[in-house]
Amino acid sequence: METESEPYVRLASLRQLHQVMADMNTARSLADTLQTVADGVISALGYEMACVNLVRPDGDLVVAAFSGNSAAEALITGRVGSRDSWERRLAMGEKWGDLVFIPHTEGWILDDDDVPQWYTDGPAPRFEDEWHPSDRLFAPMYTPGISGSSCGELLGVISVDRPRNGRHPGAWGREALQMYAFQAAIAISNARLRANMQRALVRLERDQQALRASEESFRQAFEYAPSGMAIAEMGGDQHGRILRSNDALCRLLGRPAAAMRRYSFSDLVHPEDIGTLLRTSAEGGRAELRLGRRDGTYVWVSLRNSVVADATDGPRFLLTHVEDIEERKRRELQLAHRASHDSLTGLPNSAELRSRLSSRLCRRADSGVGLESLDAAYGHPAHDANGHGFDFAGTSPPASYDGGYDHHVHTVAPEEGRDDGAKGLAVLFCDLDGFKSINDRFGHNAGDAVLIEVARRLGRAVRDGDTVARLGGDEFVILADGLGKADAQDLAVRLRNEIIQPIRAEGRAVRVGASFGIGWAHCGMTADEVLKSADERMYIEKRSRPKAHRRAG
């Protein structure tokens, strides 16, 4: 472009400048935009070399594009000049509007700073406005919408060299370069924005792909998990309603997925486990309970809840993991049964007997004040025949009296010496007569067979709810609640008649007899005291019968 100061400008030059500016704004990338800016200085503004120095995030300026000299381009492209050195350059020289011109008479002091530069030697100017090889002309670029070097954010600097006409630019040339720098700043800012948007779009697409992959992974893990999984609503009127269930859960409960959506876990849980489910925290809760199958049976499961969010601040759901623990529970029950039951007969063992008996008895928490003492202190019975407390007619008993028996039905025994119809917890201690001789004559296998058959007969002869336990050896104990004295004696006779019937053991018929002692449990006694009382009565009964009549044969 012509750089003379007269007002005449060729129309072709304006068209060329317009085309360069259009090219700057249509470049495909930031790198293309920067190179187009440098090339446009050569093609449209009439300079032989142009360099675009771009401000980096750290504030220093890097040579981002060069045009007009391949040797210079290879030497300085990519090199960095410090921000301090550039600030000094822009503060020196002559101000041509937004442009900064540093003549060769001042610029020599910049020869040794760290700004990348290129210049050629040449003769001294012959006239005043002739360009010297050491002259420097800079066009700062500021953020769009801000004009003037005294304000706004510096975006970069265009440096030019060697006008083709060899003279300093005139008024038109300076205005054109300043306008070009302004438009270049807009183009570079737009290119950066496009690059940032493209990077953001790429990241978004990657994130969406990762999300889709994650969702697919979750779907695959959910659908094909070997254990049951369900997604349920969280909060609101439909809290806990099953929205989705996987194939493993449907197979475990024998219910199709469409049917599962009609239920919540509270609809499926065993009635006895409702409390366990309600006590389970909705957020990260865990419980072991029974869920109902379609066929009406129940299966033990371990149920774990996790809270998942559909989106930021969006609805939350419960992801429930359901693991079949039926086999483990069965083993636990078997182990518990083995710990509390006799391995030979299957009856409750000594520990279980004492536990059941102790659960029916209570001990004074204070210094041993008994019911009889309270009876005497208050002038009338503090309890009735069934152990229920009477009203004290306005006279308050000691605090220990009320506290000791709260929420407990007292176990009392019929009074000695009379049968007034009172009923209590009878403890029948049974010892087999003649069992040792069977062991000695026929061996332990025969003895075991006798014990197994006796246990079966005792269990068959008592009522539902009564306890038959094997205390050890050939000793058995029966706990029968709600019996009077006559009832207990009749029960002992009936059990003895069952036991003395012939028993088949090791291919032969054998007989054993039985001695029974009847004791009575009441609160204030320990389980061992009750058993000892019944045991003593059994030995009294055994000694009172002739040896020949202790067993039938």
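Not measured: the values here are computed from a predicted model. Starting from 1, each residue takes its place in the sequence as its number.
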Residues Ile158, Met141; criterion side-chain contact (heavy atoms from CB on, under 4.5 Å); working and verdict: CA-CA 7 Å; Ile158 300 174; Met141 297 180 291; 3.8 Å; yes
So, [X] side chain and [Y] main chain: donor-acceptor pair closer than 3.5 Å or not?
| X | Y | result |
| --- | --- | --- |
| Asp267 | Ser264 | yes |
| Asn349 | Ala339 | yes |
| Ser214 | Ala210 | no |
| Asn246 | Met229 | yes |
| Ser355 | Ala351 | no |
| Arg255 | Gly292 | yes |
| Gln178 | Asp98 | yes |
| His341 | His337 | yes |
| Glu352 | Asp342 | no |

Intermediate values then yes/no, side-chain contact (heavy atoms from CB on, under 4.5 Å), Leu303 and Thr320: CA-CA 7 Å; Leu303 187 147; Thr320 303; 3.6 Å; yes
In plain terms, say whether [X] and [Y] are close enough for a salt bridge, that is, a side-chain N and a carboxylate O under 4.0 Å apart.
| X | Y | value |
| --- | --- | --- |
| Glu326 | Arg330 | yes |
| Arg290 | Asp273 | yes |
| Glu205 | Arg212 | yes |
| Arg167 | Glu128 | no |
| Arg126 | Glu130 | yes |
| Arg244 | Glu223 | yes |
| Glu48 | Arg164 | no |

Side-chain H-bond candidate by donor/acceptor type, Glu94 with Trp96, under 3.5 Å: yes
Residues Ser82 and Asp84: side-chain donor-acceptor under 3.5 angstrom: no
Beyond-backbone contact of [X] with [Y], side-chain heavy atoms, under 4.5 angstrom:
| X | Y | value |
| --- | --- | --- |
| Met49 | Ser67 | no |
| Arg83 | Leu154 | yes |
| Val41 | Tyr47 | yes |
| Glu327 | Ile325 | no |
| Ser227 | Val322 | no |
| Leu61 | Val80 | no |
| Leu243 | Phe317 | yes |
| Val62 | Asn53 | no |

Look up atom [atom1] in [X] and atom [atom2] in [Y], then write down how far apart they are to the nearest 0.5 Å.
| X | Y | atom1 | atom2 | result |
| --- | --- | --- | --- | --- |
| Leu30 | Gln198 | CG | CD | 10.0 Å |
| Arg206 | Leu211 | CZ | CG | 15.0 Å |
| His321 | Leu249 | NE2 | CG | 10.0 Å |

Step-by-step salt bridge (Lys or Arg N to Asp or Glu O under 4.0 Å) determination, Glu288 to Arg304: CA-CA 9 Å; Glu288 291 187 356; Arg304 295 198 307 274; over 6 Å; no
Would you name the heavy atoms of [X] and [Y] that are closest together and state the gap between them?
| X | Y | answer |
| --- | --- | --- |
| Ile102 | Arg89 | CD1-O, 3.5 Å |
| Leu99 | Pro140 | CA-CD, 4.4 Å |
| Ala64 | Leu34 | CB-CD1, 3.7 Å |
| Leu45 | Ala176 | CD2-CB, 3.9 Å |
| Arg136 | Ser134 | NH1-O, 3.4 Å |
| Cys523 | Arg360 | SG-O, 4.0 Å |

Trp131 and His168 aromatic ring geometry - parallel, tilted or perpendicular at 30°/60° bounds: perpendicular
Aromatic plane relationship, Trp86 with Phe138 - under 30° parallel, 30 to 60° tilted, over 60° perpendicular: perpendicular
Intermediate values then yes/no, side-chain contact (heavy atoms from CB on, under 4.5 Å), Ile242 and Ile231: CA-CA 6 Å; Ile242 297 173; Ile231 297 175; over 6 Å; no
Worked verdict on Glu332 versus Arg328 for salt bridge (Lys or Arg N to Asp or Glu O under 4.0 Å): CA-CA 6 Å; Glu332 289 176 356; Arg328 174 168 68 80; 2.6 Å; yes
Candidate pair Arg56 and Asp58, rule salt bridge (Lys or Arg N to Asp or Glu O under 4.0 Å), full reasoning: CA-CA 5 Å; Arg56 302 191 311 179; Asp58 62 3; 2.5 Å; yes
is_close_aromatic(Trp118, Phe66), centroid dist under 6.0 Å: no
Of all pairs that satisfy ring-ring contact (aromatic ring centres under 6.0 Å, His included), the ones with a partner from residues 196-232, not counting sequence neighbours: Phe218-Phe222
Arg251 vs Asp247, salt bridge (Lys or Arg N to Asp or Glu O under 4.0 Å): CA-CA, chis, key distance, verdict: CA-CA 6 Å; Arg251 283 186 283 106; Asp247 185 61; 2.7 Å; yes
Qualifying salt bridge (charged side-chain N to carboxylate O under 4.0 Å, His left out) pairs, either residue in residues 173-196, two or more places apart: none
Verdict with supporting geometry, Thr297 and Asp295, side-chain hydrogen bond (donor to acceptor under 3.5 Å, both in side chains): CA-CA 6 Å; Thr297 62; Asp295 60 8; 2.6 Å; yes
Worked check of side-chain contact (heavy atoms from CB on, under 4.5 Å) between Val100 and Lys95: CA-CA 5 Å; Val100 176; Lys95 298 297 186 292; 4.0 Å; yes
Reference residue Gln35; test side chain to side chain donor-acceptor pair (under 3.5 Å); the match among Thr33, Asp32, Asp39: Asp39
Exceeds 12 heavy-atom contacts within 6.0 angstrom, atom CZ of Arg294: no
Trace of the side-chain hydrogen bond (donor to acceptor under 3.5 Å, both in side chains) decision for Arg356 with Thr467: CA-CA 9 Å; Arg356 294 187 186 185; Thr467 294; 3.2 Å; yes
